[in-house]
Amino acid sequence: MYLYMVVFDEALSEDGEMLQTIARISEGEPFRLKDCCLLMLTPIDNPKTIRDLIGIGEDSTGAVFKLNGSYSGFYDEKLWEWLRVARENQVHERV
């Protein structure tokens, strides 16, 4: 499993096609940081593939970042718990 941050230039619609696609390719529920940014865990190992699947570059702009497991900051406790579980899933997949 690979950890990604997806950032959009505008807020995503809750019932929009992009979020539906993200939910379909994600392992578990993506974590919404803000209306235009989320974290996701997926077996897809290429950010360009994710970008193409969710439609960034067609009618919207944004970026997909593959995270290496090194992060720091201050945020709601739920984020750190989500990252802990995601990191455990990454480790188990490699074994």
Under 3.5 Å, is there a donor-acceptor pair between the side chain of Tyr4 and the main chain of Ile44? yes
Taking all non-hydrogen atoms of both residues, which atom of [X] and which atom of [Y] are closest, and how far apart?
X     : Y     : result
Leu39 : Leu83 : CD1-CD2, 3.9 Å
Ala86 : Leu3  : CB-CD1, 4.4 Å
Lys34 : Tyr75 : CE-OH, 4.2 Å
Cys36 : Glu10 : CB-O, 3.5 Å

Could you list the residues that satisfy side chain to side chain donor-acceptor pair (under 3.5 Å) with Glu81, not counting sequence neighbours? Arg84
Side-chain polar contacts of residues 25-32 - donor-acceptor pairs under 3.5 angstrom, sequence neighbours left out - could you list them?
{"from": "Ser26", "atom 1": "OG", "to": "Ile22", "atom 2": "O", "distance (Å)": "2.6"}
{"from": "Arg32", "atom 1": "NH1", "to": "Glu14", "atom 2": "OE2", "distance (Å)": "3.1"}
{"from": "Arg32", "atom 1": "NH2", "to": "Asp35", "atom 2": "O", "distance (Å)": "3.2"}

Can you pull the side chain to side chain donor-acceptor pair (under 3.5 Å) pairs that have at least one residue in residues 38-48, sequence neighbours excluded? Lys48-Asp52
Test side-chain contact (heavy atoms from CB on, under 4.5 Å) on Leu38 and Leu19 and set out the steps. CA-CA 10 Å; Leu38 59 83; Leu19 276 182; 3.9 Å; yes
Side chains of Phe8 and Ile54, heavy atoms from C-beta outward: is any pair under 4.5 Å?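 Yes; the side chains approach each other to less than 4.5 Å.
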Evaluate the side-chain proximity of Leu33 to Val7: yes if any heavy-atom separation is below 4.5 Å, no if none is.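 Not in contact.
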